[in-house]
Amino acid sequence: MSDIAKNLSNLSKTTNLRRRRFLRQSSLATLGGVASTTLGLQTASAKNVTLADPWAAAQAIVDRFAQPLKFRDVDFLITEFGAKTCELHSVPGWVSFEEQTSLPSPKLGSFDVYPAITAAIKACHAAGGGRVVIPKGDWYCAGPIVLLSNVHVHLLAGAHIYFSNQPSDYAKYGSVDCGAKGRLVISRWQSNDCLNYSPLVYAFGQTNIAITGEDWTSILNGQGGVPFNEAGDCWWTWKGKQRTINSIGQGTTPNFTAGKMSENTVNPLNAKALQDITTIAKDDAALIQGEAERWRADAAYLPALSEANVPLPKRVFGQGHYLRPPMIQLIACDKVLLQGYQVKDSPFWVHHPVNCRDLKIDKVLVRSHGPNSDGFDPEACDNVLVESCTFDSGDDCIAIKAGKNRDTQYGPSQNIVIQNCTMQSGHGAVTLGSEMAGGIQNVYAQNLLFENINWATNPLNTAIRLKTNMNRGGFLRHFYVRNISIPNGVQTSPSFYATLPGSPIASRTVATAAGAVVTFDCDYAPVADNVRTRPPEVSHVHISNVKVGNVKSKTGQHSCYQAIVILGPVASDYNGSLPTPKILPVSDVHIENCDFGNTANREHPLYLYNVQDLNLKNVMINGEVLNKVHSV
């Protein structure tokens with residue numbers, strides 16, 4: 001057993017019951033190389049029945065949060081543990097994919113409050129819980145805030161935490177010693193289990209925890225666009241080359257140039273062949289690795305390890321690698337409150353709870369326009385309420401996840417309510433996927449404003465979005481949406497993803513990346529995945545009372561490029577063993593009482609492929625009312 005495996009084994013022995021259960025279930029605990037299980041679609045489909053009263057079911061989820069979390073009425077001020085404020089100066093930095101400006105940042109040599117915050121949290125936890133208070137002021141934190149059970153971390157008005165922008169500061173304090181790659185933590189990166197840099201705020205296996213702010217002047221700042229070296233690289237540089245065709249306002253990556261190391265650049269630290277690190281049949285390895293060495297880039301290498309059933313001790317990233325950590329990641333936690341603060345400039349996804357239960361995020365402002373700045377990504381979570389939040393994002397505002405490749409052991413994301421929120425900008429306002437191999441069900445979104453405030457320069461790509469493909473697979477069922485206002489429409493020009501050779505879908509023809517109000521994309525970025533053996537299932541979707549306004553585009557007053565794009569599974573993408581499994585159309589989709597405004601593409605306001613029973617009822621597009629059932 002390797003030293004890393006021993007570290008993980010010791011961790012599983014010393015942690016609480018919920019953490020031990022997580023380690024036993026996950027690929028992270030397969031120290032002997034036993035494969036993690038994959039949730040079968042047949043088992044999942046057995047429950048595919050229509051809910052009698054979906055909005056009553058949604059209200060029952062909301063009602064679960066009627067009673068607030070309880071904490072001991074004792075405060076632990078970080079100043080009592082030695083914390084001191086810092087001084088700021090202006091530095092050149094990035095605020096989006098393409099825009100630079102001067103940003104406030106702590107001066108070199110600023111006092112580091114990481115030890116004080118850590119000591120306050122540990123003291124609070126040891127005393128039976130309470131509130132850790134961060135007073136007004138500017139604070140420099142060169143390490144992660146790690147939450148413990150029964151601890152409520154509260155930022156007073158005017159409290160502004162500037163997290164260190166140095167990646168090495170998040171490879172110092174983790175629970176797993178990985179040698180030259182640093183002290184790392186158990187994490188998930190784009191829905192695959194790994195050991196990696198610590199998220200900036202982290203919890204693992206904790207219960208009854210909270211992060212709150214007094215108002216939106218209570219700020220958690222990830223400094224994702226602030227350079228950390230003389231070359232001008234920042235966290236966001238690690239994104240690497242952009243792949244979307246005809247993107248607007250996000251065509252480049254901050255300070256990235258061809259050949260520079262990134263998540264999409266071949267990393268010489270990664271194995272040259274899967275047979276070098278695990279026992280695997282030659283044909284299986286060839287399928288997973290694909291052609292040439294592209295699979296050795298970190299962002300492709302981790303999914304390859306999942307496909308090959310490689311256990312956690314060999315899924316080690318951290319220093320020398322380029323997988324950016326989420327801003328806030330909570331794993332295997334329950335009874336969680338996130339409330340009242342602002343979070344900005346995240347290195348990667350902003351909020352990423354994994355395998356959590358009973359989690360509420362309320363009145364939070366997300367303002368992060370960098371690459372992959374998803375606002376809120378619940379993954380394999382059960383009973384989640386998203387209420388009265390505002391998202392101003394560089395990627396999807398909300399993106400519900402559920403595992404990727406073989407890492408589906410925590411089951412589906414389910415029983416999620418999104419209500420009374422505002423989405424100011426982003427890729428998708430409410431998105432499901434693309435990492436959804438474990439399935440998504442019972443999601444309710446209502447009373448939302450998709451404001452699209454940057455419509456002229458960096459518009460909302462699409463409003464209601466599903467992303468999956470033959471690799472990600474999974475199921476989506478029982479998705480209900482109502483009462484959506486989109487006053488400034490969505491992107492009025494099309495953006496695309498490349499398609500595979502031989503596909504009936506020609507490249508640059510279907511606007512799945514951007515341009516439609518409703519986009520169901522079951523052929524999402526297929527060239528990115530070598531293994532394409534898991535057909536997705538999509539059914540029972542109900543969308544009503546969506547009103548979309550027009551804006552002035554180059555060709556007139558338009559609300560979108562197309563109103564609805566539904567690209568069902570593409571059978572020719574399948575590259576597994578024969579016989580080919582049944583590939584089902586997107587089915588039982590109901591859209592009613594909607595006004596989609598005027599499409600820029602008047603000739604084809606709808607695009608449909610492999611769809612059965614798309615029911616349009618009192619749907620207005622280009623001034624024409626549609627009442628029709630489509631099956632194509």
Side-chain angles (χ1 to χ4, degrees), residues 2-5 7-8 26-28 30-31 33 35-36 167-168 170-171 174 176-198 233 235-241 243 253 256-326 347-348 371-372 404-407 435 471 525 527-532:
S2 70
D3 290 341
I4 296 173
N7 264 318
L8 283 171
S26 74
S27 61
L28 308 183
T30 56
L31 302 179
S36 60
S168 60
Y170 303 96
V176 184
D177 187 349
C178 298
K181 296 188 179 183
R183 295 195 62 90
L184 307 180
V185 300
I186 296 168
S187 185
R188 267 201 169 191
W189 192 87
Q190 285 196 340
S191 299
N192 287 128
D193 303 325
C194 62
L195 292 166
N196 198 21
Y197 293 104
S198 175
D233 296 336
W235 279 117
W236 294 344
T237 306
W238 289 6
K239 168 64 178 177
K241 183 180 179 181
R243 294 180 176 177
T253 296
F256 179 77
T257 56
K260 184 174 286 190
M261 292 303 298
S262 74
E263 67 187 54
N264 294 314
T265 307
V266 171
N267 191 331
L269 295 180
N270 294 332
K272 293 183 178 181
L274 284 168
Q275 288 96 331
D276 294 341
I277 55 173
T278 190
T279 302
I280 186 171
K282 182 178 179 180
D283 289 347
D284 292 339
L287 177 63
I288 293 169
Q289 292 172 195
E291 298 179 359
E293 288 194 311
R294 189 183 69 174
W295 77 282
R296 295 180 64 209
D298 289 337
Y301 188 70
L302 176 56
L305 298 183
S306 174
E307 290 286 3
N309 291 316
V310 173
L312 180 67
K314 296 181 180 179
R315 298 193 194 186
V316 184
F317 291 84
Q319 296 199 91
H321 294 269
Y322 300 89
L323 301 185
R324 294 162 288 149
F348 190 62
N372 305 107
K404 187 171 180 283
N405 308 103
R406 296 182 180 272
D407 295 343
E435 300 84 3
N471 172 274
V527 299
D529 296 306
N530 292 331
V531 177
R532 302 184 298 277

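Residue numbers run from 1 in the order of the sequence given. Scope of the values below: all heavy atoms of this structure, side chains included, with no hydrogens, waters or symmetry mates.
- In this structure, the side chains of Leu195 and Lys181 stay at 4.5 Å or more apart for every pair of heavy atoms.
- Residue Ser198 comes nearest to Pro325 through the heavy atom pair O-CB, 3.6 Å, listed as atom of the first residue, atom of the second, then distance.
- When the side chain to side chain donor-acceptor pair (under 3.5 Å) test is applied to Lys272, no partner is found at least two apart in sequence or on another chain.
- Shown here are the ring-ring contact (aromatic ring centres under 6.0 Å, His included) partners of Tyr322, two or more places apart in sequence or in another chain: Trp238.
- Glu263 CD to Gln190 CD: the interatomic distance, rounded to the nearest 0.5 Å, is 6.5 Å.
- Without hydrogens or angle criteria, Asn196 side chain to Gly318 main chain gives a donor-acceptor distance under 3.5 Å.
- Using a distance-only test at 3.5 Å, with no hydrogens or angles considered, a donor-acceptor pair links the side chain of Arg315 to the main chain of Val310.
- A donor-acceptor distance shorter than 3.5 angstrom exists from the side chain of Asn267 to the backbone of Gly320, with no hydrogens or angles considered.
- Partners of Asn264 by side chain to side chain contact (heavy atoms under 4.5 Å, CB included), not counting sequence neighbours, listed by chain and number: Arg243, Ser262, Ala299.
- Lys241 pairs by the salt bridge (Lys or Arg N to Asp or Glu O under 4.0 Å) definition with nothing, not counting sequence neighbours.
- The ring-ring contact (aromatic ring centres under 6.0 Å, His included) search around Phe317 returns His321, not counting sequence neighbours.
- With sequence neighbours excluded, the residues satisfying side chain to side chain contact (heavy atoms under 4.5 Å, CB included) with Asn530 are Arg294, Trp295.
- Considering only heavy atoms from C-beta on, Asn192 comes within 4.5 Å of Asn405 through its side chain.
- In this view, Arg296 and Glu293 satisfy the salt bridge (Lys or Arg N to Asp or Glu O under 4.0 Å) rule, not counting sequence neighbours.
- Every residue meeting the side chain to side chain donor-acceptor pair (under 3.5 Å) condition with Asn372, not counting sequence neighbours, appears here in chain and number order: Arg324.
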Next on the checklist: Assess the residue pair Asn309 and Arg406 against the criterion (side chain to side chain contact (heavy atoms under 4.5 Å, CB included)); give the C-alpha distance rounded to whole Å, side-chain angles, the decisive distance to 0.1 Å, and a yes or no.
Outcome noted: CA-CA 7 Å; Asn309 291 316; Arg406 296 182 180 272; 3.1 Å; yes
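- Scanning all heavy atoms of the two residues, the minimum distance from Ser191 to Asp407 falls at O-CB, 3.9 Å.
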For residues 280-290, which side-chain donor-acceptor pairs fall under 3.5 Å, sequence neighbours excluded?
{"unit_1": "Gln289", "atom_1": "OE1", "unit_2": "Leu274", "atom_2": "N", "d": "2.9"}

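- Between the side chain of Thr253 and the backbone N or O of Gly240, at least one donor-acceptor pair lies under 3.5 Å.
- You'll find the side chain of Val316 reaches within 4.5 Å of the side chain of Leu184, heavy atoms only.
- Here the CG atom belonging to Leu305 is positioned 11.0 Å from the CG atom belonging to Asp193, to the nearest 0.5 angstrom.
- Annotation: salt bridge (charged side-chain N to carboxylate O under 4.0 Å, His left out) contacts involving residues 297-306, sequence neighbours excluded, are absent.
- With contacts defined as side-chain heavy-atom distances shorter than 4.5 Å, the pair Asp529/Lys404 qualifies.
- Ile277 contributes atom CD1, which lies 8.5 Å from atom CG of Asn270 (distance to the nearest 0.5 angstrom).
- Side chains of Asn471 and Glu307 form a contact here, defined as non-hydrogen atoms less than 4.5 Å apart.
- Partner Phe348 forms a ring pair (Phe, Tyr, Trp, His ring centres under 6.0 Å) with one of Trp189, Trp236, Trp235 and no other, that one being Trp189.
- With sequence neighbours excluded, the residues that form a side chain to side chain contact (heavy atoms under 4.5 Å, CB included) with Gln319 are Ser168, Ala171, Tyr197.
- Partners of Thr237 by side chain to side chain donor-acceptor pair (under 3.5 Å), not counting sequence neighbours: none found.
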